[in-house]
Amino acid sequence: MSDKPSVLFVCVHNAGRSQMAAGWLRHLAGDTVEVRSAGSEPANQINPVAVEAMREVGIDITANVPRKLDYETAEASDVLITMGCGDVCPVFPGKRYLDWKLDDPAGQGIDAVRPIRDAIKARVEQLLTELPVKTG
């Protein structure tokens, strides 16, 4: 069992917002945080425009695969963040729950996805200031 905080990002398809959030957290926190993402109805692949938007800022999320949200992953996470899509996560005592209301990048062009990417970065940066991350 790790003493690192764990964060689970959840959206319906686990193909856009949650993947970008996971990419930002991995990039900004390194190995100080355990990062997870999942969806209630995972897509077959990550949204290619989300991949392109993250590539523009030097973050490669091409190896990520949409995953199905399961009880064990949710239970094992310290912070559960839904991405404004009405997902219902199982509720566990002592867990922190956040809902980030963000536009869905599905079907959007790169010009519409960039502001979503940037809004996610700002929220991840704020989240990092609130996590019990060990440094050094």
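On a predicted model such as this, the values are computed, not experimentally measured, just so you know. Reckoned from all heavy atoms, side chains included, excluding hydrogens, waters and symmetry mates.
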Atom [atom1] in [X], atom [atom2] in [Y]: separation rounded to 0.5 Å?
{"X": "L80", "Y": "D99", "atom1": "CG", "atom2": "CG", "answer": "11.5 Å"}
{"X": "I81", "Y": "R36", "atom1": "CD1", "atom2": "CZ", "answer": "12.5 Å"}
{"X": "R117", "Y": "M20", "atom1": "CZ", "atom2": "CE", "answer": "8.5 Å"}
{"X": "D70", "Y": "E75", "atom1": "CG", "atom2": "CD", "answer": "10.0 Å"}
{"X": "D103", "Y": "I116", "atom1": "CG", "atom2": "CD1", "answer": "5.0 Å"}
{"X": "E34", "Y": "R26", "atom1": "CD", "atom2": "CZ", "answer": "9.5 Å"}

So, for [X] and [Y], which heavy atoms are closest and what is the spacing to 0.1 Å?
{"X": "A50", "Y": "A15", "result": "CB-O, 4.2 Å"}
{"X": "I120", "Y": "A21", "result": "CG2-CA, 3.4 Å"}
{"X": "S18", "Y": "S37", "result": "O-CB, 4.0 Å"}
{"X": "G23", "Y": "I61", "result": "CA-CG2, 4.0 Å"}

Can you tell me if D78 has over 12 outside heavy atoms packed within less than 6.0 Å of its CG? yes
With a 6.0 Å cut-off (strictly less than), is the heavy-atom count around CZ of R67, excluding the residue itself, greater than 12? no
Can any side-chain N or O of K68 pair as donor or acceptor with the backbone N or O of S40 at less than 3.5 Å? yes
Check whether K121 reaches the backbone of W24 with its side chain - one donor and one acceptor, N or O, closer than 3.5 Å. no
Pair N47, V113 - check side-chain contact (heavy atoms from CB on, under 4.5 Å), show working. CA-CA 11 Å; N47 178 334; V113 174; 5.5 Å; no
For a 4.5 angstrom cut-off between non-hydrogen side-chain atoms, does [X] reach [Y]?
{"X": "M54", "Y": "I46", "result": "no"}
{"X": "L131", "Y": "V7", "result": "yes"}
{"X": "R123", "Y": "L98", "result": "no"}
{"X": "V35", "Y": "F9", "result": "yes"}
{"X": "Q108", "Y": "V49", "result": "no"}
{"X": "P105", "Y": "R17", "result": "yes"}
{"X": "L69", "Y": "N14", "result": "no"}

Could you walk me through whether L25 and L128 pass side-chain contact (heavy atoms from CB on, under 4.5 Å), step by step? CA-CA 8 Å; L25 187 54; L128 267 173; 3.9 Å; yes
What about V65 and L8, same hydrophobic cluster or not, with Ile/Leu/Val/Met/Phe/Trp/Tyr joined at side-chain heavy-atom distances under 4.5 Å? no
